[in-house]
Amino acid sequence: MRIALRIEVGTEKGAREGVPALLRLLDEHQIKATFFFSLGPDYSRYLFSDHIPRIIRQRLPVSYIGKRCRDNLRAVADAGHDIGISSFTASDWKRDVAFQTADWTHSEMLLACDAFNKVFGRAPRCFAAMRWQINPYVLSEEEALGFDFASDVRGHHIFLPESQGVRSSCPQIPTTLPTLDELLTQEEVNYENLHQYLYAACQRIMPNGEVFSLSAEREGRSLLKVFERLLVMWKGGQWEIRSMSELFSRIADVSLNRHLVGWGTVDGRTQHVAMQSTPL
């Protein structure tokens with residue numbers, strides 16, 4: 001049984017506090033994961049930052065994650081983990097990408113790639129849409145940029161995506177499991193038994209294994225102890241905990257089916273998310 005770890009880093013606080021904590025924990029358990037960074041401006045220090053109009057936000061003093069947290073980010077690569085991008089401006093992506101144009105999407109992706117290159121000295125090889133928010137142009141950009149794989153949707157197995165007539169040859173590795181925050185919305189779940197509910201959700205056979213998504217902001221900070229309990233349970237249950245590239249390498253020579261990408265709801269999350277849908 002295999003499980004891959006998909007880790008989003010979307011704020012300066014996550015990069016400064018969550019990333020080092022996660023690196024220590026993963027090193028202690030000798031586990032490799034895949035980190036996806038937002039490297040542009042971080043507005044999270046402002047109250048209701050995701051709801052501030054862009055025209056106002058652009059006038060606010062702001063720090064750039066890739067510049068302010070360069071050493072912490074580079075430590076992820078130095079430790080041997082996969083690294084990729086999830087957006088340039090996390091707040092814009094989470095709120096607006098589903099409604100944006102091809103030009104906006106192209107600009108945002110290029111800004112993210114350029115920031116990544118400045119931090120790591122090379123181009124990114126993978127992408128994960130922040131909070132599973134995309135538009136069809138994201139798929140075409142991923143193909144044009146030559147990413148090895150992307151992780152933009154919720155679903156069940158690795159596939160080739162199509163959305164609103166846009167086809168991509170960049171494989172999608174969907175998140176298969178609920179997040180810890182989603183489980184916490186259930187009345188019977190609390191911080192003491194949270195890891196047991198997530199572990200129970202893994203007790204099934206998945207074609208390519210499971211993908212668990214977490215964030216440096218939550219699992220790297222307030223949920224770190226819960227995440228540690230999960231790692232102990234997975235290792236005790238003989239699970240292979242891998243990076244996403246390791247999971248993908250298992251099916252590198254397999255012919256992938258094509259599926260539509262649609263929108264759907266997930267228990268415990270108010271915002272619609274991109275989802276693996278009908279096979280073609």
Side-chain angles (χ1 to χ4, degrees), residues 1-9 19 22-23 25-37 73-86 109 112-113 116-117 120-130 132 134 138-139 141-162 167-177 201-202 204-216 219 227 230-231 234-235 237-259 261 274 276 279:
M1 297 181 292
R2 296 184 296 274
I3 187 164
L5 301 179
R6 173 193 185 274
I7 304 176
E8 290 184 1
V9 184
V19 165
L22 287 171
L23 288 181
L25 180 61
L26 293 172
D27 180 66
E28 179 183 341
H29 289 275
Q30 298 184 331
I31 291 169
K32 300 303 180 188
T34 305
F35 287 74
F36 296 96
F37 305 116
L73 301 176
R74 288 177 64 89
V76 177
D78 292 342
H81 299 283
D82 288 349
I83 51 174
I85 51 176
S86 62
M109 297 285 275
C113 289
F116 185 95
N117 194 292
F120 299 104
R122 57 185 174 91
R125 301 300 308 163
C126 53
F127 183 86
M130 178 71 65
W132 308 281
I134 67 167
V138 173
L139 302 181
E141 290 292 331
E142 290 168 342
E143 180 177 82
L145 290 166
F147 293 148
D148 296 332
F149 61 85
S151 183
D152 303 329
V153 306
R154 309 291 284 261
H156 303 286
H157 58 80
I158 302 174
F159 68 101
L160 297 176
E162 178 176 335
R167 288 192 164 201
S168 174
S169 61
C170 179
Q172 284 284 335
I173 307 179
T175 295
T176 62
L177 289 166
C202 301
R204 58 186 181 176
I205 303 298
M206 298 296 280
N208 309 125
E210 301 279 8
V211 176
F212 176 58
S213 290
L214 57 149
S215 73
E219 282 79 2
F227 181 48
L230 263 174
L231 293 181
W234 279 328
K235 291 180 70 176
Q238 303 302 307
W239 282 79
E240 298 177 17
I241 310 173
R242 299 286 184 252
S243 68
M244 298 188 75
S245 65
E246 291 176 304
L247 189 72
F248 182 64
S249 69
R250 299 293 187 99
I251 56 95
D253 298 324
V254 176
S255 179
L256 296 176
N257 294 325
R258 187 170 296 278
H259 286 246
V261 173
Q276 180 179 4

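Excluded from the calculations below are hydrogen atoms, water molecules and symmetry mates; all remaining heavy atoms, backbone and side chain alike, are included.
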A side-chain contact here means heavy atoms from C-beta on lying under 4.5 Å apart; do [X] and [Y] qualify?
X      : Y      : answer
Ile85  : Phe127 : yes
Cys126 : Phe36  : yes
Leu230 : Glu219 : no
Pro161 : Val153 : no
Leu214 : Leu22  : yes
Glu240 : Glu246 : no
Met206 : His156 : yes
Gln172 : His259 : no

Worksheet item: Which of parallel (below 30°), tilted (30 to 60°) and perpendicular (above 60°) describes Trp234 and Phe227?
Response: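 Ring orientation, 0 to 90° scale: perpendicular.
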Worksheet item: In terms of ring plane angle, is the pair Phe120 and Phe116 parallel, tilted or perpendicular, where the classes change at 30° and 60°?
Response: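 Aromatic pair Phe120/Phe116 classed tilted.
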Using modelled atom types only, decide if a donor and an acceptor are shared between the side chain of [X] and the backbone of [Y] within a distance under 3.5 Å.
X      : Y      : value
Asp82  : Ser243 : no
Lys32  : Leu26  : no
Arg6   : Ser151 : yes
Thr34  : Met244 : yes
Glu143 : Ser169 : yes

Discussion item. Evaluate Ser215 against Glu8 for side-chain hydrogen bond (donor to acceptor under 3.5 Å, both in side chains), listing each step before the verdict.
Written reply: CA-CA 5 Å; Ser215 73; Glu8 290 184 1; over 6 Å; no
Worksheet item: Do the ring centers of Trp239 and Phe212 come within less than 6.0 Å of each other?
Response: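 Aromatic pair excluded; centres sit 6.0 Å or further apart.
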